[in-house]
Each structure stands twice: as C-alpha cells, then as structure tokens.
Amino acid sequence: MKQYIFNFSTHHQQPVVWEEAITARGMMDACIKAKKLCRQYEREKQIPIRIQYKGVRYCNEDIA
C-alpha cells in the first residue's frame, strides 16, 4: 500500500493549510478518498476547501 499525500487548504479570513496522508491501492482510490474527506471537512467547517496533490510515500508492510 502507498500513502498519497494531499494538501487541504481554506481560503477564508485566515487561510489554513494542512496535510493528509491517505492510504490507498492506487491514485484513483486515493483521489476518491480525498474528495470524500474534503466534502466531510466542508460540512463541518461550512467553508470551501481546496485539495492539492503533493506526492506519494511508500510504506513497508510486515507480512506475518
């Protein structure tokens, strides 16, 4: 599994930027999960949020 890194940002009175690592099997899966997170944050904060793809982090998995 890979971790896809996305920047979430608000452009309200005081801009806020934070990073989320989304574990997914592929880029499409990661984008779908990021959009779901974005909609959830927009409902909670009641302001528009932008998403920007940052990169990929590879994870080592232990198979035991």
Where is the tightest heavy-atom contact between [X] and [Y], given as atom of each residue plus distance?
| X | Y | value |
| --- | --- | --- |
| Ala34 | Ile51 | O-CD1, 3.6 Å |
| Ala24 | Ala30 | CB-N, 3.7 Å |
| Gln3 | Ala21 | OE1-CB, 4.0 Å |

Can any side-chain N or O of [X] pair as donor or acceptor with the backbone N or O of [Y] at less than 3.5 Å?
| X | Y | value |
| --- | --- | --- |
| Glu42 | Ile49 | yes |
| Thr10 | Pro15 | no |
| Lys45 | Gln40 | no |

| request: Dump the intermediate steps for side-chain contact (heavy atoms from CB on, under 4.5 Å) on Ile5 and Glu19, then the final yes or no. | output: CA-CA 7 Å; Ile5 312 300; Glu19 195 174 272; 3.3 Å; yes
| Heavy atoms, side chains only, cut-off 4.5 Å: are His11 and Arg50 in contact? |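 Yes, their side chains come closer than 4.5 Å.
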| remark: d(Glu44 CD, Arg39 CZ) to nearest 0.5 Å is 13.5 Å
| query | In Å, rounded to the nearest 0.5 Å, how long is the span from CG of Asn7 to OG of Ser9? | reply |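 Result: 7.5 Å between the selected atoms.
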Starting from [Y], can I reach [X] by hopping between I/L/V/M/F/W/Y residues whose side chains sit under 4.5 Å apart?
| X | Y | result |
| --- | --- | --- |
| Val16 | Leu37 | yes |
| Met27 | Ile22 | yes |
| Tyr53 | Phe8 | yes |

| request: List the steps and the verdict of ring-ring contact (aromatic ring centres under 6.0 Å, His included) for Trp18 and Phe6. | output: CA-CA 9 Å; Trp18 70 96; Phe6 289 89; over 10 Å; no
| said: Walk me through whether Glu20 and Tyr4 qualify under side-chain contact (heavy atoms from CB on, under 4.5 Å). | reply: CA-CA 8 Å; Glu20 293 279 344; Tyr4 293 85; over 6 Å; no
